[in-house]
Amino acid sequence: MGTNTDFTGKVALITGAASGIGKTAAALFAQRGACVAAVDVADASATVEEIKAAGGEACAYMCDVTDEAAVRTVIGEVVAAFGKLDIAFNCAGIGPDGVRIPYSRLVDTAADDWNAIVAVNLTGTFYCLKHELIQMQKQGFGCIVNTSSTGGDRFAPGFHAYGPTKAGVVALTEMAANEHAKSGIRVNCVSPGPTFGTQMMDNTLASDAGMEQAVKERIIPMGKFGLMEDVAEAVMWLASDAAWHTTGQTLFVDGGMHVKP
């Protein structure tokens with residue numbers, strides 16, 4: 001199949017598209033020809049305006065991924081507007097950052113913080129995956145990329161619900177890939193490490209002036225943080241025809257962090 005990442009004529013739905021990696025991926029999908037459905041609990045109209053200004057095609061949809069009825073509805077709206085769903089990138093996620101959600105040991109974690117992270121990262125991914133798969137089963141084709149994290153492979157103290165939910169996303173990905181491998185549907189996962197530009201990382205670095213250098217020196221073998229474009233490019237490959245024989249995989253984009261002893 002070569003290395004084709006041309007998405008001309010394809011429809012791509014991206015959750016978490018109002019900011020961060022989701023917004024970056026939405027722009028790349030559009031640059032490469034996809035019609036983009038930019039989905040977020042926040043207003044994703046700025047993402048859409050930027051895509052249209054660059055000559056791309058996109059629509060914004062507001063949706064809380066923790067609400068199954070809302071997820072079902074928005075996928076139905078996307079299909080009604082564009083006629084199909086070729087690609088879904090489930091990028092919506094939250095975690096402790098020292099600002100919106102505190103770091104804490106498990107024994108000190110508030111139930112509300114735990115439940116909020118589980119609802120978005122794990123249950124929200126499940127709802128999206130479920131209804132994307134239902135649509136793709138009807139079509140007989142489709143590709144889904146979920147978003148985990150190196151934090152779901154290496155469990156850092158203080159990240160309470162984040163690591164377990166991201167590990168759960170990998171499990172969901174592998175289960176869905178196995179169940180749908182003969183249905184013309186591929187399901188994979190991208191797993192970013194520390195990445196500049198995301199709200200979670202920006203807040204994390206702002207809460208601890210010495211954290212960036214410490215992480216670079218002690219945790220990431222390549223000695224540098226990734227960029228949102230690095231993760232988005234990995235998503236492009238997983239969603240493309242170049243990855244036609246790849247399903248059930250987790251692609252780490254973390255500077256080697258997941259293999260550090």
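All values derive from a computational prediction rather than experimental measurement.
Contacts of Ala58 classified as side chain to side chain contact (heavy atoms under 4.5 Å, CB included), with partners at least two apart in sequence or in another chain: Val36, Val48, Ile51. Residues passing the salt bridge (Lys or Arg N to Asp or Glu O under 4.0 Å) test with Glu50 are Lys23, sequence neighbours excluded.
Taking the charged nitrogens against the carboxylate oxygens, Asp113 and Arg100 have no contact shorter than 4.0 Å, which rules out a salt bridge.
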**Item:** Evaluation steps, side chain to side chain donor-acceptor pair (under 3.5 Å), between Asn146 and Thr173
**Value:** CA-CA 7 Å; Asn146 295 320; Thr173 299; 2.9 Å; yes
**Prompt:** Step by step, would you call Arg32 with Glu233 a salt bridge (charged side-chain N to carboxylate O under 4.0 Å, His left out)?
**Reply:** CA-CA 11 Å; Arg32 296 174 191 184; Glu233 287 288 1; 2.7 Å; yes
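Heavy-atom contacts from other residues, nucleotides or ligands closer than 6.0 Å to NZ of Lys260 number more than 12.
Contact check for Val259 versus Phe252: no side-chain heavy atoms found under the 4.5 Å cut-off. Side-chain contact between Phe29 and Val235 is present, with heavy atoms from C-beta onward closer than 4.5 Å. The shortest distance between side-chain heavy atoms of Ile21 and Thr147 does not fall below 4.5 Å. Under the 4.5 Å side-chain criterion, counting only non-hydrogen atoms from C-beta, Lys166 is not in contact with Ile117. When side chains are defined from C-beta on, Tyr162 does not count as touching Ile94, because their heavy atoms never get closer than 4.5 Å.
With 3.5 Å as the limit, one finds a donor-acceptor pair spanning the side chains of Ser104 and Thr109. With hydrogens and angles left out, the side-chain atoms of Gln139 and Asp86 include no donor and acceptor closer than 3.5 Å.
In the hydrophobic clustering of ILVMFWY residues, with side-chain heavy atoms under 4.5 Å counting as a link, Met228 and Ile14 come out together. Clustering ILVMFWY residues whenever any of their side-chain heavy atoms sit less than 4.5 angstrom apart, transitively, puts Leu122 in a cluster other than the one holding Val190.
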